[in-house]
Each structure stands twice: as structure tokens, then as C-alpha cells.
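Report on one structure; see the data block that follows.
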Amino acid sequence: MKRVLVTGGAGFIGSHLCERLLKDGFEVICLDNFFTGRKTNIKHLLRNPFFELVRHDVIEPILLEVDQIYNFACPASPIHYQYNPVKTIKTSIMGTLNMLGLAKRVKARILQASTSEVYGNPLVHPQTEDYWGNANPIGPRACYDEGKRCAETLMFDYKRQNGVDARVVRIFNTFGPRMLEDDGRVVSNFIVQALRGRDMTIYGDGSQTRSFCYVDDMVDGIVRMMNMDSIAGPINLGNPVEFRVLDLANLIREMTGSDSIIVQKPLPPDDPAQRRPDITIAKNILGWSPRIALKEGLELTIDYFRSRM
Ligand code: NAD
Ligand code: UDP
């Protein structure tokens, strides 16, 4: 039985990943400092004898005997990663260094959760893995974008220099149950606002685009990436169907039967104007593409938030 470490395992994607890995017959160690993660996300796993929970901060080294490491620890929503930007960049850089040190020592395979944010405000559309990006190194998003870019650098340097079996997935906007109600990301914001009958807040004129992937599809791509025999470069994972933020707001308003009003708020600095993954490599190498359409995923997510309110 393979033992797997999931850092950030009590978070949104991490908790779904832990669940899937247990189903697949892995023994799972979930490590989290509970900054944005919650015990309720993994409460149902605690009675499983093959699941262990460790409260730990990835900024500090840790020694564990594991075969695979999924390094997901890092706040992902702009309001959370900008709350303490120095801590965010420390989490990406020192956390990844610690996990790479562990991988090297115990000869574990390691997969880093990177992000579409490494492309910044992209000038190439859709984004292919060979695009180096257009990120502002000193803006308010830099603690996250540059932290993740540096984490990627560390992964490939440990691979070249130390022979660590390191893999990188670039995750595009992912949504689903267990997103935090108040984490400020667009899908959870719009659903919660619509269900409460509050104003739905569009930043800017809503013409900016994102491509939204349902969490189960994302987790499937991540697990495939970890379990392929050999992988060279980073791989984009996301749903290539692109939506304008304004259209997303209207769709959620209609699906929830809400009479909320759509209002405009200022566009945050450095907010990318467009984003869509080119997933040709994921299709060809991992045999992966998303199966759950936006509307189907939104129905499941709306049900989740409705049940919590
Ligand atoms: P999340 O905030 O729900 O999960 C992050 C988890 O990491 C939380 O449980 C948090 O408590 C934990 N954490 C944060 N700092 C830590 C530290 N120093 N030590 C230990 N644990 C720490 O976010 P998510 O959406 O589940 O994102 C998970 C990963 O996927 C992140 O690395 C994120 O950058 C990446 N990602 C997510 C998206 C997305 O759309 N959700 C997109 C791109 C990349
Ligand atoms: N957004 C919005 N209203 C909100 C929250 C976000 O219009 O209440 C916009 C935001 O400006 C961005 C897009 O939705 O253009 C996606 O934002 P999110 O924070 O979910 O993800 P990211 O910007 O990191 O892709």
C-alpha cells in the first residue's frame, strides 16, 4: 500500500484529493496549518484507519516516510493570499523547499500545485505550457504568482540537480463544494450573494474571462499526473470552455432563481483580462479532459451552499 502525503489536505481541492486517494487504496497523511482549510472538510475521513491528520506548517521541515507528496499547501484566493503576503511567498518557497528536501531524502515522487497565475495577465491566448507569462513581479498578486513561479523553478532544479521525480500541474480556476463562503473567489461569491438575495458584485465591467473546472475533474487530472510513469514538463489542467464574468453572474442568478441585482465594483489591480487553458498536452499525455460542464458543476455547488445556509 503506497503512503501519500497531501499538504493543504484540509483545504478545498486538498480534501477532495484525500478522499479520492483513500478510495483508490492509498494510505493518506493530510498535513495542514488550517489557515484556509477546515476540519469539517475532512471530518468524515477521520475514522478511516488509513487516514492521518497532522497539524503542521510547511514552512517548518518535517520528516515522514512517504512514497508520494502532493504539495497543495498555499492559500489560493486573492483575499487570503494578500492577507499576509510575506507568509504566502514563504509558504510557496520554503514550503516547496521543505517538501523537495523530504522527497529527495525518502525518494518520494512529488507533485506541485502550480497555477494559471504563472502566466500573469497573458498575452498568448489560450495559454500553452511553453508561454513564459506576463506577471507583475511587484504588484499585489506577486506574492502568489511569483511564489508559485519560484516553486516551479525549485521543482525543476531539484529534478535536474538531484534526480527528484518532480511534477508540476498548472491549475486553472477550479470550483465546487467546500469552497469557503467568504473567500472572495468569483463562483462562491456569486452563489452566496444570489442565494442571500444580496447584490452580485462584478469587478470592472465583467468582460474579463475565466475558464472554470469542476473539482472532481481537476482531482482526476492531478491523480493521473502523479501516477504516470514519467513526465517531463509542467501540464495545464483546466476546463477550456471560457466564460465572461458577467455571463457567469447572469447564469448563477438564473439558476438560483434569485432576484439579486448585479452591481459593478472597481477592478482589482493586475486582474487578468482573459484566461483559458490549452489542454492538448493533458489530453495527449494523461488521456485527460474535463467531463463536467459548467452548468452541471454549478448545480452541485449551488446545492452545497444551499445546504449550508
Ligand atoms: P485552499 O485555501 O482551500 O487550500 C489551501 C490549504 O493549504 C488550506 O487547507 C490551508 O489551510 C493550507 N495551508 C496554507 N498555508 C499553509 C502552510 N503554510 N502550511 C500548511 N498548510 C497550509 O485553496 P485550494 O483552492 O484548495 O488550493 C489548493 C492548491 O491548489 C493551492 O496550492 C493553490 O495555489 C492551488 N490552486 C488552486 C486553484 C483553484 O482554483 N482552486 C487554482 C490554481 C492553483
Ligand atoms: N470577480 C468578480 N466579482 C467577485 C469576485 C471576483 O467580478 O465577487 C472577478 C475577478 O475580478 C476576476 C474573476 O472574477 O476577474 C475571477 O476571480 P477569482 O478571485 O475567482 O479568481 P482569479 O482572479 O484568481 O482567477
Side-chain angles (χ1 to χ4, degrees), residues 6-18 30-39 41-42 54-60 62 70-82 84 87-92 94-96 98-99 112-119 121 141 144-145 147-148 151 169-176 178-180 183-193 198-213 215 218-219 222 236-238 243-246 248-249 252 262-275 277:
V6 181
T7 77
F12 160 50
I13 300 179
S15 61
H16 288 276
L17 180 59
C18 288
C30 164
L31 181 156
D32 209 293
N33 73 349
F34 298 107
F35 174 46
T36 50
R38 288 180 297 194
K39 282 198 185 148
N41 287 344
I42 39 128
V54 180
R55 180 187 283 268
H56 181 81
D57 195 308
V58 286
I59 284 175
E60 304 295 336
I62 189 165
Y70 290 88
N71 190 28
F72 277 60
C74 185
S77 108
I79 55 168
H80 287 138
Y81 70 64
Q82 289 170 18
N84 184 345
K87 171 81 190 209
T88 300
I89 200 155
K90 274 168 96 176
T91 297
S92 274
M94 294 166 71
T96 305
N98 285 329
M99 289 307 125
Q112 172 66 25
S114 186
T115 167
S116 50
E117 287 281 318
V118 299
Y119 301 120
N121 190 2
R141 294 176 88 101
Y144 184 71
D145 303 1
K148 291 285 187 180
V169 285
R170 293 188 178 147
I171 299 174
F172 284 64
N173 297 63
T174 300
F175 73 100
R178 301 195 195 130
M179 293 183 91
L180 289 173
D183 83 354
R185 284 187 269 193
V186 69
V187 174
S188 46
N189 262 15
F190 285 172
I191 293 178
V192 171
Q193 290 165 341
R198 297 207 180 129
D199 290 353
M200 296 174 76
T201 52
I202 289 196
Y203 302 159
D205 62 3
S207 63
Q208 69 271 38
T209 65
R210 294 292 185 272
S211 306
F212 300 98
C213 185
V215 65
M218 180 54 62
V219 165
I222 291 165
N236 287 339
L237 292 180
F243 284 86
R244 292 190 316 162
V245 164
L246 176 61
L248 179 75
I252 290 176
I262 295 178
V263 297
Q264 280 192 16
K265 297 259 173 168
L267 188 68
D270 298 338
D271 198 284
Q274 52 179 1
R275 187 183 283 159

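One-based numbering, in listed order, for ligands and for the atoms of each.
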Check your understanding: Can you tell me if Ser188 has a non-hydrogen atom under 4.0 Å from ligand 2?
Key -> no
Practice item. Identify which of Phe72, Phe172, Tyr144 has a heavy atom lying nearest to atom 28 (C) of ligand 1. Key: Phe72
**Study point:** Closest protein heavy atom to atom 40 (O) of ligand 1, given as residue, atom name and distance to 0.1 Å
**Key:** Thr174 N, 2.8 Å
**Study point:** Close-contact set for ligand 2 against Ile202 heavy atoms, below 4.0 Å
**Key:** 7 (O)
Point to revise | Min N/O separation Asp57 to ligand 1 under 3.5 Å | key: yes
Revision key, fill the gap. Of Gly176, Gly238, Ala76, Ala10, the residue with the heavy atom nearest atom 24 (P) of ligand 1 is Ala76
Practice item. Could you find the nearest protein heavy atom to atom 14 (C) of ligand 1 and give me its residue, atom name and distance? Key: Cys74 N, 3.5 Å
Practice item. Start with the C-alpha gap between Leu17 and Val6, add the side-chain angles, then the distance that decides, and say whether side-chain contact (heavy atoms from CB on, under 4.5 Å) holds. Key: CA-CA 8 Å; Leu17 180 59; Val6 181; 4.0 Å; yes
**Study point:** Closest approach of any protein heavy atom to atom 3 (O) of ligand 1, naming residue and atom
**Key:** Phe12 N, 2.8 Å
Point to revise | Distance filter under 4.0 Å to Arg185 heavy atoms, resulting ligand 2 atoms | key: 19 (O), 20 (O)
Check your understanding: Has Thr7 got any heavy atom lying under 4.0 angstrom from an atom of ligand 1?
Key -> no
Check your understanding: Hey, is ligand 1 close enough to Leu31 that some N/O pair sits below 3.5 Å?
Key -> no
Review point. Is the shortest distance from a Lys or Arg side-chain nitrogen in Arg141 or Glu117 to a carboxylate oxygen in the other one below 4.0 Å?
Key: yes
Review point. Looking at CZ of Phe175 and CE of Met179, how far apart are the two atoms once the value is rounded to the nearest 0.5 Å?
Key: 8.5 Å
Check your understanding: So how far is it from Thr209 OG1 to Leu248 CG, rounded to the nearest 0.5 Å?
Key -> 11.5 Å
Exercise for review: Looking only at protein heavy atoms, identify the closest one to atom 9 (O) of ligand 1 and say how far it is in Å.
Suggested key: Asp32 OD2, 2.5 Å
Review point. Under a 4.0 Å N-O cut-off, is there an ion pair linking Arg244 with Asp205?
Key: no
Check your understanding: Judging by distance only, is a nitrogen or oxygen of Gln193 under 3.5 angstrom from one on ligand 2?
Key -> no
Check your understanding: Who's the nearest protein heavy-atom neighbour of atom 11 (O) of ligand 2, and how far?
Key -> Asp271 OD2, 2.6 Å
Exercise for review: For atom 1 (P) of ligand 1, find the nearest protein heavy atom and state the residue, atom name and distance (0.1 Å precision).
Suggested key: Thr36 OG1, 3.7 Å
**Study point:** Contacting atoms of ligand 1, where contact means under 4.0 angstrom from a heavy atom of Gly8
**Key:** 6 (C), 7 (O), 9 (O), 12 (C)
Check your understanding: With a cut-off of 4.0 Å, which atoms of ligand 1 are near a heavy atom of Phe34?
Key -> 11 (O)
Review point. So is Gly95 close enough to ligand 1, meaning a heavy atom under 4.0 angstrom away?
Key: no
**Study point:** Ser114 to ligand 1, any heavy atom closer than 4.0 Å
**Key:** yes
Review point. Do any heavy atoms of His56 fall under 4.0 Å from ligand 1?
Key: yes
Review point. Any side-chain heavy-atom pair from Ile62 and Leu31 closer than 4.5 angstrom?
Key: yes
Exercise for review: Using a strict 4.0 Å cut-off to heavy atoms of Gly11, name the atoms of ligand 1 that fall inside it.
Suggested key: 3 (O), 4 (O), 8 (C), 9 (O)
Review point. Is the closest heavy-atom distance from Pro78 to ligand 2 below 4.0 Å?
Key: yes
Exercise for review: Closest by any non-hydrogen atom to atom 14 (O) of ligand 2: pick that one out of Asn173, Thr115, Val186, Val192.
Suggested key: Val186
**Study point:** Any Lys148 heavy atom less than 4.0 Å to ligand 1
**Key:** yes
Review point. Based purely on interatomic distance, does Arg141 place a nitrogen or oxygen under 3.5 Å from a nitrogen or oxygen of ligand 2?
Key: yes
Point to revise | Side-chain donor-acceptor contact under 3.5 Å, Ser77 with Arg185 | key: no
Review point. Any nitrogen or oxygen of Val58, main chain or side chain, under 3.5 Å from a nitrogen or oxygen of ligand 1?
Key: yes
Revision key, fill the gap. SG of Cys74 to CD of Gln112, rounded to nearest 0.5 Å, is 8.5 Å
Review point. Between the side chains of Tyr119 and Arg275, does any donor sit under 3.5 Å from an acceptor?
Key: no
Practice item. Answer yes or no: does an N/O atom from Val245 fall short of 3.5 Å to an N/O atom of ligand 2? Key: no
Practice item. Give the minimum heavy-atom separation between Ala151 and Thr96, together with the two atoms involved. Key: CB-OG1, 3.5 Å
**Study point:** Closest to atom 5 (C) of ligand 2 (judged by heavy-atom distance), picking from Phe212, Tyr203, Phe175
**Key:** Tyr203
Check your understanding: Using the ring of each side chain (for Trp, its six-membered ring), is His80 parallel, tilted or perpendicular to Phe35, with breaks at 30° and 60°?
Key -> perpendicular
Practice item. Mark the output for Arg275 as yes if a heavy-atom distance to ligand 2 is under 4.0 Å, and as no if none is. Key: yes
Review point. What are the atoms of ligand 1, with element, lying closer than 4.0 Å to any heavy atom of Asn173?
Key: 40 (O)
Exercise for review: Measure the distance from atom 17 (C) of ligand 1 to every protein heavy atom, then report the residue, atom name and distance (to 0.1 Å) of the closest one.
Suggested key: Asn33 ND2, 3.3 Å
Review point. Which atoms of ligand 2 are found less than 4.0 Å from any heavy atom of Asn189?
Key: 4 (C), 5 (C), 8 (O)
Practice item. Under 4.0 Å from a heavy atom of Gly184: give me the atoms of ligand 2 that qualify, with their elements. Key: 5 (C)
Revision key, fill the gap. Short version for Gln208: what comes under 4.0 Å of ligand 2, heavy atoms counted, is side chain
Exercise for review: Would you mind listing which atoms of ligand 1 come within a distance below 4.0 Å of any non-hydrogen atom of Gly37?
Suggested key: 8 (C), 9 (O), 10 (C), 11 (O)
Check your understanding: Hey, are Asp57 and Lys87 close enough for a salt bridge, meaning a charged N less than 4.0 Å from a carboxylate O?
Key -> yes
Review point. Which residue owns the protein heavy atom closest to atom 26 (O) of ligand 1, what's the atom, and how far is it?
Key: Ile13 N, 2.8 Å
Exercise for review: Could you check atom 43 (C) of ligand 1 against the protein and tell me its nearest heavy-atom contact, residue, atom and distance included?
Suggested key: Ile171 O, 3.1 Å
Practice item. Of all the heavy-atom pairs spanning Gly176 and Val215, show the shortest one and how long it is. Key: CA-CG1, 4.2 Å
Study note, to complete from the structure: Check: of Arg55, Arg210, Arg185, min heavy-atom distance to atom 25 (O) of ligand 1 comes from Arg185
Practice item. Taking only heavy atoms of Glu117 into account, list the atoms of ligand 2 that are under 4.0 Å away from them. Key: 24 (O)
Review point. Taking Thr7 as the fixed residue, which of Asn33, Asp32, Asn71 is the one that meets the side-chain hydrogen bond (donor to acceptor under 3.5 Å, both in side chains) rule?
Key: Asn71
Practice item. Apply side-chain hydrogen bond (donor to acceptor under 3.5 Å, both in side chains) to Ser188 and Asp183, showing your working. Key: CA-CA 8 Å; Ser188 46; Asp183 83 354; 3.2 Å; yes
Check your understanding: Nearest to atom 3 (N) of ligand 2 by heavy atom, Thr201, Leu248, Thr209: which?
Key -> Thr201
Exercise for review: Measure Arg210 to ligand 2 on non-hydrogen atoms and call it side chain, backbone, both or neither using the 4.0 Å cut-off.
Suggested key: side chain
Point to revise | Minimum heavy-atom distance Leu267-Tyr203, with the two atoms named | key: CD1-O, 3.5 Å
Review point. If you round to the nearest 0.5 Å, how far is CD of Gln208 from CZ of Phe243?
Key: 14.5 Å
